[in-house]
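Below is a structure I'd like to ask you about.
Predicted model only: the values in this text are computed from it and were never measured. We use all heavy atoms of the structure for the numbers below, so side chains are in, but hydrogens, waters and symmetry mates are not. Every chain is numbered from 1, with letters handed out A, B, ... down the list of sequences.
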Amino acid sequence: MPELPEVETTRRGVAPRVVGRRVTAVRVYDRRLRWPVPADLAKRLKGRTIERVDRRSKYLLFRIDGGTLLVHLGMTGSLRAYSDAPTRRAHDHVDLVLDDGTTLRYHDPRRFGAMLWIAPADEPHPLLRDLGPEPLEAAFTDEHLWHVTRGRRAAIKLALMDNRLVVGVGNIYANEALFRAGIRPTIAAGKLSRARLARLAQAVRTVLGEAIAKGGSTLRDYVDSEGARGAFQLTHYVYARQGSPCRVCGTPIRQVRQGQRSSFYCPTCQR
DNA sequence: CCGGACGCCTGTCGGC
DNA sequence: TGCCGACAGGCGTCCG
């Protein structure tokens with residue numbers, strides 16, 4: 001589900017609801033996420049204040065005095081802040097209750113997400129240690145993308161989705177960025193010229209930026225911290241549009257498999 | 001090191 | 001109507 005724009009939208013929605021608040025109760029309904037929710041999570045959090053909410057890649061990092069609560073939304077996860085939480089429904093797994101009565105609820109049908117505690121002694125955490133640059137920060141330069149793709153025979157789309165090269169770009173936005181850059185997803189990364197990679201880096205920035213502005217993409221499950229769906233899916237050029245006419249030239253969009261995932265491209269606009 | 005495939009899990013959809 | 005396989009916003013892990 002959530003790629004960088006959806007996680008960032010969640011962060012922006014959640015932060016003002018939780019920062020400065022003290023955790024008064026923790027309810028774990030189901031510990032069976034990607035890794036078990038720590039048995040002592042309540043002990044770590046209760047009585048502590050949430051000081052900040054950061055994002056690194058697709059991880060949400062709740063900075064709390066004494067450590068960090070790491071939350072990943074996996075494919076189908078969502079975090080919602082309720083002033084008046086309804087009774088627990090199917091796939092609601094964890095509640096954090098705050099001192100003003102707000103309930104921060106983690107919901108995830110497929111349970112590919114995670115909720116972990118990072119103590120200061122665990123830093124740098126293995127999940128965060130080897131991540132590449134943030135695509136919307138200065139470290140993600142044309143030069144960087146060129147450098148890390150030299151000698152790579154893997155397809156450019158798979159390279160874009162490799163978190164060691166650049167983070168946050170999942171299946172939707174990899175496809176959309178490649179369309180905007182006019183690059184076929186199947187081309188070997190190492191064969192692309194500096195100029196084409198510069199165009200791709202720019203496409204990644206603009207696609208992610210526009211998606212954040214529209215609250216992300218909602219295909220099925222994703223909702224933001226207030227329960228609202230994203231709108232960016234309405235402007236997808238290729239993702240899930242196989243057989244439909246390209247919005248630019250009218251050629252039917254093609255679908256292929258790469259690395260067990262679907263790729264979509266316009267055979268005319270992308271070479 | 002690199003590249004590719006496999007699970008993890010539930011829900012949905014299309015074909016028979 | 002029911003059953004069955006394929007597929008879905010991710011990613012750590014294992015294999016060659």
Side-chain angles (χ1 to χ4, degrees), chain A residues 1-11 29-37 55-60 70-79 89-93 106-116 125-132 135 147-178 185-191 204 207-208 211-212 214-224 229-236 238-243 255-264:
Chain A
M1 86 120 188
E3 300 182 39
L4 188 149
E6 293 76 30
V7 178
E8 178 61 19
T9 299
T10 297
R11 188 193 70 78
Y29 303 109
D30 194 338
R31 308 180 31 179
R32 300 172 303 157
L33 301 185
R34 170 142 203 192
W35 298 282
V37 176
R55 179 188 57 73
R56 175 72 175 106
S57 185
K58 298 170 191 169
Y59 297 97
L60 288 168
L70 174 151
V71 177
H72 194 285
L73 303 177
M75 290 274 268
T76 54
S78 54
L79 264 186
R89 291 189 278 258
H91 312 304
D92 291 340
H93 305 310
Y106 181 79
H107 173 93
D108 186 1
R110 287 174 75 180
R111 290 189 278 115
F112 284 179
M115 197 169 287
L116 298 173
H125 195 275
L127 289 174
L128 307 176
R129 199 178 46 210
D130 301 321
L131 295 172
H147 182 71
V148 297
T149 52
R150 289 314 86 192
R152 293 300 192 101
R153 282 172 303 164
I156 184 61
K157 189 203 172 216
L158 299 178
L160 262 190
M161 294 177 67
D162 183 338
N163 282 333
R164 292 166 305 184
L165 307 193
V166 59
V167 301
V169 185
N171 204 28
I172 294 177
Y173 300 108
N175 279 295
E176 294 298 311
L178 285 163
T186 49
I187 294 180
K191 288 204 154 182
V204 167
V207 153
L208 295 177
I212 291 170
K214 289 190 183 301
S217 300
T218 296
L219 306 182
R220 276 169 290 275
D221 306 279
Y222 173 73
V223 290
D224 69 16
R229 298 164 58 84
F232 190 72
Q233 70 279 5
L234 302 173
T235 67
H236 289 175
V238 289
Y239 185 82
R241 295 195 66 247
Q242 67 277 17
Q255 176 174 13
V256 295
R257 293 296 280 181
Q258 288 184 281
Q260 323 292 95
R261 316 292 295 274
S262 284
S263 296
F264 307 90

Checklist entry - With a 4.0 Å cut-off on heavy atoms, is A:Arg32 in touch with a base, just the backbone sugar-phosphate, or nothing at all? => result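 Result for A:Arg32 = nothing.
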
Next on the checklist: Under a 3.5 Å distance rule, please check whether A:Thr9 uses its side chain to pair with a backbone N or O of A:Asp224 as donor and acceptor.
Outcome noted: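 Side chain of A:Thr9 to backbone of A:Asp224: no pair is present.
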
Item to check | Spacing of A:Trp35 atom CH2 relative to B:dG7 atom C1', expressed in whole Å | outcome: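 In whole Å, B:dG7 C1' and A:Trp35 CH2 are 13 Å from each other.
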
Next on the checklist: In whole Å, I'd like the distance from the CD atom of A:Glu3 to the P atom of C:dA8.
Outcome noted: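 In whole Å, C:dA8 P and A:Glu3 CD are 13 Å from each other.
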
Next on the checklist: Considering every strand and a 4.0 Å limit on heavy-atom distances, what is the contact class for A:Arg261: base, sugar-phosphate, or nothing?
Outcome noted: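 Contact class for A:Arg261: base.
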
Next on the checklist: Measure CD1/A:Ile172 against P/C:dG10 and give the value in whole Å, please.
Outcome noted: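 Distance check: A:Ile172 CD1 to C:dG10 P gives 7 Å.
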
Next on the checklist: How many whole angstroms separate atom CZ of A:Arg153 from atom P of B:dC1?
Outcome noted: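 Rounded to the whole Å, the gap is 16 Å.
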
Next on the checklist: Let's see if you can work this out: which of C:dG12, C:dA8, B:dG3 has an atom nearest to the side-chain heavy atoms of A:Arg257?
Outcome noted: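 The nucleotide sitting nearest to the side chain is C:dA8.
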
Checklist entry - With a non-hydrogen cut-off below 4.0 angstrom, is A:Arg34 in contact with a base, only sugar-phosphate, or nothing? => result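 It contacts base atoms.
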
Next on the checklist: Taking donor-acceptor contacts at under 3.5 Å, does the side chain of A:Arg110 reach the base of C:dA8?
Outcome noted: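 Donor-acceptor pair under 3.5 Å: yes.
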
Checklist entry - Should the pair A:Phe232 and A:Tyr173 be assigned to parallel (<30°), tilted (30 to 60°) or perpendicular (>60°) ring geometry? => result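 Rings of A:Phe232 and A:Tyr173: tilted, as their planes differ by 30° to 60°.
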
Checklist entry - Does a nitrogen or oxygen in the side chain of A:Ser262 sit under 4.0 Å from OP1 or OP2 of C:dC7? => result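 No.
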
Checklist entry - If you pin A:Asp162 and A:Arg111 to their nearest nucleotides in DNA chain B, which one's is more 5'? => result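 Whichever sits nearer the 5' end wins; that is A:Asp162.
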
Item to check | Phosphate OP1/OP2 of B:dG11 contacted by A:His91 side-chain N/O (<4.0 Å) | outcome: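 For B:dG11, OP1 or OP2 has a side-chain N or O of A:His91 closer than 4.0 Å.
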
Next on the checklist: Students often get this wrong, so: under 4.0 angstrom with heavy atoms, is A:Tyr59 touching a base, only sugar-phosphate, or nothing?
Outcome noted: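 A:Tyr59: backbone/sugar contact only, no base atoms under 4.0 Å.
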
Checklist entry - Rounded to the Å, how far apart are A:Leu127 CG and C:dG12 C1'? => result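 So the CG-C1' distance, A:Leu127 to C:dG12, works out to 8 Å.
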
Next on the checklist: Check whether A:Arg111 reaches the backbone of A:Arg32 with its side chain - one donor and one acceptor, N or O, closer than 3.5 Å.
Outcome noted: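 It does hold such a pair.
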
Checklist entry - So, does A:Arg56 use its side chain to make a donor-acceptor pair with the main chain of A:Lys58 at under 3.5 Å? => result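 Flag not set: sc A:Arg56 to bb A:Lys58 has no pair under 3.5 Å.
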
Checklist entry - Taking the same atom, C1', in C:dA8 and in B:dG3, what whole-Å distance lies between them? => result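 Rounded to whole Å, the distance is 24 Å.
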
Item to check | Integer angstrom distance from the P of B:dC8 to that of C:dC3 | outcome: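 So the two P atoms sit 24 Å from each other.
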
Item to check | Between A:Arg257 and A:Ser262: side-chain donor-acceptor atoms closer than 3.5 Å | outcome: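 Short answer, yes.
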
Checklist entry - Can you tell me how far C1' of C:dC7 sits from CG of A:Asp221, to the nearest Å? => result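 Value for this atom pair: 13 Å.
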
Item to check | Backbone N/O of A:Ala240 and side chain of A:Gln255: donor-acceptor pair under 3.5 Å | outcome: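 No, A:Gln255 side chain to A:Ala240 backbone: no donor-acceptor pair under 3.5 Å.
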
Item to check | Range-with-range stems of DNA chain B (Watson-Crick or G-U pairs under 3.5 Å, three or more in a row) | outcome: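 Listed by first number, the stems are B:2-8 with C:10-16, B:10-16 with C:2-8.
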
Checklist entry - For the residue pair A:Asp108 and A:Gly77, what are the closest heavy atoms and their distance? => result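 A:Asp108 and A:Gly77 have their closest heavy atoms at OD1-N, 3.5 Å.
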
Next on the checklist: What is the separation between atom CZ on A:Arg152 and atom P on B:dC1, rounded to the nearest whole Å?
Outcome noted: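 Computing the A:Arg152:CZ to B:dC1:P distance gives 11 Å.
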
Checklist entry - Would you call the rings of A:His93 and A:Tyr106 parallel, tilted or perpendicular if under 30° counts as parallel and over 60° as perpendicular? => result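 The arrangement is tilted - the two ring planes meet at 30° to 60°.
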
Next on the checklist: Output the rounded distance in Å from CG (A:Asp30) to P (B:dC8).
Outcome noted: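 Atom-to-atom, A:Asp30 to B:dC8, this comes out as 16 Å.
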
Checklist entry - Across the strands shown, which category fits A:Arg164 at heavy-atom distances under 4.0 angstrom: base, sugar-phosphate, nothing? => result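 The answer is nothing, as A:Arg164 stays clear of every strand by at least 4.0 Å.
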
Next on the checklist: For A:Pro109 and A:Ala154, find the nucleotide of DNA chain B closest to each by heavy atoms; which residue's nucleotide sits nearer the 5' end?
Outcome noted: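 Counting from the 5' end, the first nearest nucleotide belongs to A:Ala154.
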
Checklist entry - Do other residues, nucleotides or ligands put more than 12 heavy atoms under 6.0 Å from the CZ atom of A:Arg150? => result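 Yes.
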
Checklist entry - A:Gln260 side chain N/O closer than 4.0 Å to the phosphate oxygens (OP1, OP2) of B:dC6? => result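 Checking A:Gln260 against B:dC6: at least one side-chain N or O falls below 4.0 Å of OP1 or OP2.
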
Next on the checklist: Under 5.5 Å centre to centre and under 30° between planes: does that hold for A:Phe112 and the six-membered base ring of C:dC11?
Outcome noted: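 Whether judged by distance or by angle, A:Phe112 falls short somewhere, so it does not stack on the base of C:dC11.
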
Checklist entry - Is A:Asn163 touching bases, backbone alone, or none of the nucleic acid, heavy atoms closer than 4.0 Å? => result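 The answer is sugar-phosphate, as A:Asn163 gets under 4.0 Å only of primed atoms, P, OP1 or OP2.
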
